[in-house]
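For reference, the structure discussed in these notes is given below.
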Amino acid sequence: MSTQPAPAPLLIACALGIEQLALRAGDRGGAGGPVTVQRTGMGPAAAERSVTRMLADPALRDAAVLATGFCAGLAPGMHPGDLVVAEETRDPRGTTACVGTDLLVKELGRAVPGRTVHTGPLTGTDHVVRGHERSDLRATGAIAVDMESAATLLSAVRAGERPVAAVRVVVDAPEHELVRIGTVRGGISAFRVLRSVLPAFFEWHRSLLLPRR
């Protein structure tokens with residue numbers, strides 16, 4: 001008797017405890033396979049170490065990887081609580097193409113109705129950017145910036161061929177800079193949105209498991 005292969009797992013990577021808390025608060029099941037939510041720690045080096053270590057585990061060797069959490073918006077008109085679906089992630093070491101962008105946009109519209117979803121390049125940095133640095137990054141074509149997504153996805157594809165994606169929630173933007181997350185309305189809004197996104201991630205993951213025609 002033939003047996004069905006085990007569903008490929010999903011590794012969701014975030015940097016901060018508050019991000020992990022939001023994701024766990026919104027987890028009501030529904031994934032297509034086993035799901036691990038991993039807190040990597042802040043910064044690209046921490047993300048690279050954590051993701052590389054996780055994917056060395058045989059149970060996660062073939063996992064799809066999705067980077068998520070908060071980000072800084074770069075485009076005019078962005079607001080806290082807006083969503084960013086990366087078409088690609090960039091950092092000085094290279095560019096990583098994302099998979100299933102259109103599906104994520106559609107499913108996020110269902111999971112968080114009324115929220116604006118932006119698509120485009122998501123750039124990586126090793127520090128919090130403010131002022132003129134935002135303008136410089138915007139000039140490269142990037143629509144948002146964070147410290148971990150690019151390192152997470154680059155580490156994931158270097159560990160083996162797999163689907164990768166990045167979805168971020170804008171916590172501050174050019175017209176809405178904040179100093180410390182969670183202390184102002186923008187941070188609270190972003191937390192509530194992040195708490196609601198898992199159904200979209202699960203649908204993305206489930207779509208990867210469907211047979212190709």
Side-chain angles (χ1 to χ4, degrees), residues 10-20 22-23 35-55 60 63-75 78 80-105 107-108 117-129 133-134 136-138 140-160 162-173 181 190-191 193-194 197-198 200-201 204-205 208:
L10 171 62
L11 175 62
I12 300 174
C14 61
L16 305 175
I18 192 172
E19 295 168 337
Q20 187 180 50
L23 292 164
V35 177
T36 300
V37 177
Q38 173 69 11
R39 177 185 174 186
T40 65
M42 282 186 66
E48 179 178 3
R49 286 193 301 269
S50 181
V51 171
T52 300
R53 183 182 72 251
M54 294 296 291
L55 295 178
L60 290 172
V65 174
L66 194 151
T68 195
F70 304 127
C71 71
L74 298 175
M78 281 184 160
D82 285 2
L83 287 146
V84 171
V85 177
E87 294 175 341
E88 64 183 29
T89 58
R90 306 169 173 174
D91 72 6
R93 298 181 300 165
T95 299
T96 305
C98 296
V99 173
T101 299
D102 291 344
L103 176 65
L104 278 167
V105 171
E107 294 300 333
L108 286 166
V117 182
H118 307 268
T119 60
L122 175 62
T123 196
T125 183
D126 61 0
H127 61 281
V128 175
V129 298
E133 284 188 280
R134 289 179 185 262
D136 293 343
L137 291 174
R138 176 60 180 160
T140 70
I143 64 168
V145 58
D146 76 88
M147 290 192 285
E148 297 84 24
S149 291
T152 293
L153 299 199
L154 187 60
S155 301
V157 298
R158 284 182 172 177
R162 71 190 72 248
V164 294
V167 175
R168 290 275 170 171
V169 182
V170 174
V171 74
D172 68 345
I181 190 169
F191 179 89
V193 172
L194 188 60
V197 297
L198 277 183
F201 296 175
W204 176 79
H205 182 223
L208 303 174

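One-based numbering along the sequence shown.
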Practice task
Give the C-alpha distance, both sets of side-chain angles, the deciding distance and a yes or no for side-chain contact (heavy atoms from CB on, under 4.5 Å) between L208 and L10.
Solution key: CA-CA 10 Å; L208 303 174; L10 171 62; over 6 Å; no
Handout entry: Approximate separation, where rounding is to 0.5 Å, of T36 OG1 and I12 CD1
Key = 9.0 Å
Taking only distance into account, with no hydrogens and no angle test, what donor-acceptor pairs under 3.5 Å do side-chain atoms of residues 48-55 form with protein atoms, sequence neighbours excluded?
residue: E48; atom: OE1; partner: R93; partner atom: NH1; Å: 3.3
residue: S50; atom: OG; partner: Q38; partner atom: NE2; Å: 3.1
residue: T52; atom: OG1; partner: E48; partner atom: O; Å: 2.8

Practice task
Among D146, L154, D126, find the residue that satisfies the side-chain contact (heavy atoms from CB on, under 4.5 Å) test when tested with P44.
Solution key: D126
Exercise for the section: Decide yes or no on side-chain contact (heavy atoms from CB on, under 4.5 Å) for C71 and V170, but give the supporting numbers first. Expected result: CA-CA 5 Å; C71 71; V170 174; 4.0 Å; yes
Exercise for the section: Provide the closest heavy-atom pair for L16 versus R39 in the form atom of the first, atom of the second, distance. Expected result: C-NE, 3.8 Å
Exercise for the section: List the atom of W204, the atom of L66, and the distance in Å for their closest heavy-atom pair. Expected result: CE3-CD1, 3.8 Å
Problem - Closest contact, heavy atoms only, E148 versus G43 - result: OE2-N, 2.7 Å
Exercise for the section: Heavy atoms only: give me the nearest A15-T40 pair and the separation to one decimal. Expected result: CA-OG1, 3.6 Å
Handout entry: Euclidean distance, T119 OG1 relative to I143 CD1, rounded to 0.5 Å
Key = 6.0 Å
Exercise for the section: Could you walk me through whether V197 and L23 pass side-chain contact (heavy atoms from CB on, under 4.5 Å), step by step? Expected result: CA-CA 8 Å; V197 297; L23 292 164; 4.2 Å; yes
Exercise for the section: Examine distances only and state if a side-chain atom of R162 and a backbone atom of A156 form a donor-acceptor pair shorter than 3.5 Å. Expected result: yes
Handout entry: Interatomic distance, H205 atom NE2 to L11 atom CG [nearest 0.5 angstrom]
Key = 10.5 Å
Fill in the blank from the handout: Correct closest heavy-atom pair for L74 and A142 would be CD1-O, 3.7 Å
Problem - All salt bridge (charged side-chain N to carboxylate O under 4.0 Å, His left out) counterparts of R90, not counting sequence neighbours - result: E88
Completion exercise
For G73 and M78 the tightest heavy-atom approach is CA-SD, 3.3 Å
Problem - All side-chain contact (heavy atoms from CB on, under 4.5 Å) counterparts of A166, not counting sequence neighbours - result: A67, A86, T89, L122, S149, L153
Exercise for the section: For T68 and V167, indicate whether the former's side chain and the latter's backbone hold a donor-acceptor pair under 3.5 Å. Expected result: yes
Practice task
Could you grab the distance from atom CG of D102 to atom CD of E87, nearest 0.5 Å is fine?
Solution key: 8.5 Å
Exercise for the section: Go through the steps for L104 and F201 under the test side-chain contact (heavy atoms from CB on, under 4.5 Å), then give the verdict. Expected result: CA-CA 7 Å; L104 278 167; F201 296 175; 4.2 Å; yes
Problem - Check: R168 side chain, F70 main-chain N or O, donor-acceptor pair, under 3.5 Å - result: yes
